[in-house]
Amino acid sequence: MNTLMSAGTNAWTELAKASSNMMKTNMRVNEMMIASSSVIGARMTIMGNAARSPAQGDYAEIGGMVEEKVVAIGKVNAALVEQWSAMLADAAEQAQHLRPLIFGRRPLSITDMSGLAERCIAHGTRVITRSMDTGGLALAPVHQQATANARRLR
């Protein structure tokens with residue numbers, strides 16, 4: 001029974017950590033929006049200068065705008081696929097563990113029930129916390145690029 005209580009305590013700890021990560025993600029969204037605003041302003045000036053004086057245009061900056069977005073979106077997709085794959089693998093593992101308990105030919109013992117409850121708490125906690133972390137994982141590459149651009153274009 002102590003392991004079941006430990007699983008519950010661990011679940012609350014993991015949920016609190018995921019909640020804190022969501023607050024950090026919110027702060028990063030705000031940072032990214034501020035950075036994006038300054039980047040857009042700087043790039044509008046760069047594009048306007050190139051339109052007025054084509055020979056002096058900063059075509060490296062203009063050309064890099066598309067490439068950096070493609071790279072960032074690729075990183076977002078990779079992070080989301082990795083997270084989704086981990087969640088699916090966890091669900092498959094949980095299903096494999098449940099199969100003999102559900103289709104077994106004997107009643108479940110107290111030990112079986114305690115182990116099942118512990119695994120369900122851990123599995124449910126992982127599903128919830130991974131879901132909570134997904135936004136931050138998807139935001140990270142975009143935030144990184146936007147804030148790097150803002151620093152570079154100052």
Side-chain angles (χ1 to χ4, degrees), residues 3-4 6-103 115-154:
T3 59
L4 187 56
S6 175
T9 302
N10 185 53
W12 282 113
T13 302
E14 292 301 314
L15 289 167
K17 188 166 61 173
S19 295
S20 175
N21 287 343
M22 286 181 76
M23 287 187 276
K24 289 176 188 171
T25 296
N26 182 49
M27 291 187 317
R28 287 186 183 107
V29 166
N30 293 330
E31 289 172 355
M32 186 188 70
M33 296 304 284
I34 292 166
S36 294
S37 175
S38 72
V39 170
I40 290 168
R43 286 182 168 168
M44 291 300 289
T45 301
I46 290 168
M47 289 186 290
N49 291 341
R52 281 189 302 279
S53 301
Q56 280 92 31
D58 186 351
Y59 297 105
E61 182 66 29
I62 293 169
M65 291 170 21
V66 173
E67 179 184 345
E68 75 184 23
K69 285 168 183 53
V70 170
V71 169
I73 289 170
K75 289 178 181 178
V76 168
N77 288 337
L80 293 175
V81 166
E82 183 178 329
Q83 187 76 327
W84 183 245
S85 296
M87 291 173 76
L88 289 174
D90 193 14
E93 181 183 325
Q94 181 71 352
Q96 288 175 347
H97 180 76
L98 291 174
R99 187 184 52 78
L101 294 175
I102 293 170
F103 297 112
L116 177 60
E118 187 178 334
R119 286 184 65 84
C120 286
I121 289 170
H123 172 70
T125 301
R126 285 190 303 272
V127 168
I128 292 167
T129 57
R130 284 182 176 142
S131 297
M132 292 169 75
D133 290 342
T134 300
L137 292 171
L139 176 68
V142 179
H143 173 271
Q144 180 184 15
Q145 189 64 54
T147 54
N149 284 342
R151 285 189 299 274
R152 184 175 51 77
L153 293 170
R154 283 187 184 146

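Counting begins at 1 with the first residue of the sequence. Just so you know, these numbers use all the heavy atoms, side chains as well, and skip hydrogens, waters and symmetry mates.
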Q: Please indicate whether Met65 has more than 12 foreign heavy atoms, meaning atoms of other residues, nucleotides or ligands, lying under 6.0 Å from its CE.
A: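 More than 12 within 6.0 Å, yes.
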
Interatomic distance, [X] atom [atom1] to [Y] atom [atom2] [nearest 0.5 angstrom]:
X      : Y      : atom1 : atom2 : result
Arg28  : Asn30  : CZ    : CG    : 12.0 Å
His97  : Cys120 : NE2   : SG    : 7.5 Å
Thr129 : Met87  : OG1   : CE    : 8.5 Å
Thr25  : Met32  : OG1   : CE    : 11.0 Å
Ser20  : Leu15  : OG    : CG    : 12.5 Å
Thr147 : Ile34  : OG1   : CD1   : 11.5 Å

Q) Quick one: side-chain hydrogen bond (donor to acceptor under 3.5 Å, both in side chains) pairs with a partner in residues 53-73, sequence neighbours left out? A)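 Output for this query lists Arg43-Glu61, Arg43-Glu68, Glu61-Arg152, Glu68-Gln145, Glu68-Asn149.
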
### Query
Applying side-chain hydrogen bond (donor to acceptor under 3.5 Å, both in side chains), which residue pairs with at least one partner in residues 134-143 are found, sequence neighbours left out?
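Every side-chain hydrogen bond (donor to acceptor under 3.5 Å, both in side chains) pair that includes a residue of residues 134-143, provided the two are not neighbours, is Glu31-His143.
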
Would you name the heavy atoms of [X] and [Y] that are closest together and state the gap between them?
X      : Y      : result
Ala138 : Leu80  : CB-CD2, 3.9 Å
Pro141 : Ala72  : CB-O, 3.9 Å
Ala150 : Ser38  : CB-OG, 3.5 Å
Ala86  : Arg130 : O-NH1, 3.5 Å
Thr125 : Ile121 : OG1-O, 2.7 Å
Val39  : Ala146 : CG2-O, 3.7 Å

* **CA sep, side-chain torsions, deciding dist, call: Met132, Asn21, side-chain contact (heavy atoms from CB on, under 4.5 Å)** => CA-CA 8 Å; Met132 292 169 75; Asn21 287 343; over 6 Å; no

Discussion item. Please list all pairs meeting salt bridge (charged side-chain N to carboxylate O under 4.0 Å, His left out) that have one or both residues in residues 115-129, counting only residues at least two apart or in different chains.
Written reply: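 For residues 115-129, and leaving out neighbouring residues, the salt bridge (charged side-chain N to carboxylate O under 4.0 Å, His left out) pairs sorted by first residue read Asp90-Arg126, Glu93-Arg119.
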
Within the distance-only criterion (no hydrogens, no angle test), does the side chain of Ser37 pair as donor or acceptor with the backbone N or O of Met33 below 3.5 angstrom?
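No, because the side chain of Ser37 does not come within donor-acceptor range (under 3.5 Å) of the backbone of Met33.
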
Could you walk me through whether Leu116 and Leu98 pass the side-chain contact (heavy atoms from CB on, under 4.5 Å) check? CA-CA 8 Å; Leu116 177 60; Leu98 291 174; 3.0 Å; yes

